[in-house]
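Data first, discussion second: the structure below is written as C-alpha cells.
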Amino acid sequence: MDLKGICVLSVILVVALITTTEGKTPPTKCQCKIAPRERKNCGPPGISAADCRKAGCCFNASVPGVPWCFTAKPKKVKKVCPADSRIRVNCGYPGITAKECTNRKCCFRAHPAGVPWCFYHRTVEEAC
C-alpha cells in the first residue's frame with residue numbers, strides 16, 4: 001500500500017474513533033451498580049478510568065480478575081404526569097374529554113383553569 005492509501009486509512013480511523021466516543025455521557029452510579037461477575041468488558045487492557053468514562057463505560061478497579069472498564073446498565077426511566085401545571089405541554093385541544101386524552105396516551109387533569117388539561121408525560125430517571 002502506498003503512502004497516500006495509508007494516510008486515507010489513518011484519517012478514516014481517526015474520524016471513526018472521534019464519532020464513536022464523542023457525545024457519550026458518563027454513566028450514573030446507578031448504571032454502574034453491577035455485580036463483578038456480571039461485568040462485560042468495555043475497553044482495551046490498561047485503559048484509564050478517564051478514557052473508560054469518556055467512552056460511556058463504568059470503571060471500578062477494586063475487584064481483581066474481572067473487567068475494570070465495563071458496560072453500564074441501561075438507564076431506567078418512567079413516564080410521569082408533571083405535578084407543576086406551569087410545565088404542561090398541550091397534547092389535546094379545547095374541550096377534549098378525559099377518555100379522548102388517555103386514548104392519546106396523555107395525562108388529564110381538569111384543573112387549574114388557563115393551562116392544558118390534556119398534556120404529555122415527562123420522562124424521568126428512576127432512582128437506584
Side-chain angles (χ1 to χ4, degrees):
M1 188 178 284
D2 64 345
L3 184 59
K4 192 186 286 186
I6 292 172
C7 289
V8 168
L9 286 176
S10 297
V11 168
I12 291 170
L13 178 61
V14 169
V15 169
L17 286 172
I18 290 171
T19 56
T20 57
T21 59
E22 266 187 12
K24 292 191 178 183
T25 56
T28 64
K29 287 182 181 181
C30 289
Q31 290 178 274
C32 293
K33 285 188 177 180
I34 299 173
R37 68 186 184 303
E38 295 175 9
R39 294 179 182 176
K40 292 189 173 92
N41 195 22
C42 192
I47 189 171
S48 70
D51 288 340
C52 179
R53 290 186 184 104
K54 279 184 200 172
C57 304
C58 301
F59 189 88
N60 181 335
S62 66
V63 182
V66 297
W68 290 356
C69 181
F70 53 96
T71 305
K73 293 188 288 189
K75 283 186 180 182
K76 288 186 178 182
V77 294
K78 63 181 177 179
K79 290 182 176 181
V80 297
C81 296
D84 186 352
S85 63
R86 296 171 294 173
I87 62 170
R88 293 180 182 176
V89 176
N90 198 0
C91 181
Y93 50 86
I96 191 170
T97 65
K99 185 175 181 176
E100 291 169 326
C101 181
T102 55
N103 285 344
R104 291 177 171 222
K105 300 192 181 347
C106 293
C107 303
F108 186 86
R109 288 203 188 107
H111 57 80
V115 297
W117 289 1
C118 180
F119 50 96
Y120 290 101
H121 294 92
R122 307 271 304 194
T123 303
V124 296
E125 187 175 348
E126 291 183 353
C128 292

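For this chain, numbers begin at 1 and follow the sequence in order. The basis for the numbers below is simple: all heavy atoms, side chains too, and nothing from hydrogens, waters or symmetry mates. Predicted model only: the values in this text are computed from it and were never measured.
- Within the 4.5 Å cutoff, the side chain of S85 has no heavy atoms near those of the F119 side chain.
- No side-chain heavy atom of K79 sits less than 4.5 Å from a side-chain heavy atom of K105.
- Residues K78 and V124 have side chains in contact (heavy-atom distance under 4.5 Å, counting atoms from C-beta outward).
- Annotation: side chain of K33 is in contact with side chain of K73 (closest heavy-atom distance under 4.5 Å).
- Heavy atoms only, all atoms of each residue included: T123 and V77 are closest at CG2-CB, 3.6 Å.
- Looking only at side-chain heavy atoms (C-beta outward), K40 and P67 stay at 4.5 Å or farther from each other.
- Taken together, C91 and C101 fail the criterion of an SG-SG distance shorter than 2.5 Å.
- Note that the CD1 atom of I96 and the CG atom of N103 stand 9.0 Å from one another [nearest 0.5 Å].
- With values rounded to the nearest 0.5 angstrom, Q31 atom CD is found 11.0 Å from C57 atom SG.
- Looking only at side-chain heavy atoms (C-beta outward), V89 and Y120 come within less than 4.5 Å of each other.
- In this structure the side chain of F70 reaches within 4.5 angstrom of the side chain of N60, judged on heavy atoms.
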>> With side chain to side chain contact (heavy atoms under 4.5 Å, CB included) as the criterion, how do E100 and F108 come out once you've worked through the C-alpha distance, each side chain's angles and the decisive distance to 0.1 Å?
In response: CA-CA 9 Å; E100 291 169 326; F108 186 86; over 6 Å; no
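- Between P82 and R122, the shortest heavy-atom distance links the atoms CG-CG, 3.6 Å.
- Heavy-atom minimum distance, C69 versus I47: CB-CG2, 3.6 Å.
- Taking every heavy atom of both residues into account, G56 and A72 meet most closely at O-CB, 4.4 Å.
- For P64 against W68, the heavy-atom pair with the smallest separation is CA-NE1, 4.2 Å.
- Sulfur-to-sulfur, C42 and C52 sit at least 2.5 Å apart at their SG atoms.
- No donor-acceptor pair closer than 3.5 Å links the side chain of R109 to the backbone N or O of W117.
- Counting heavy atoms from C-beta outward, K75 and T28 have side chains that approach closer than 4.5 Å.
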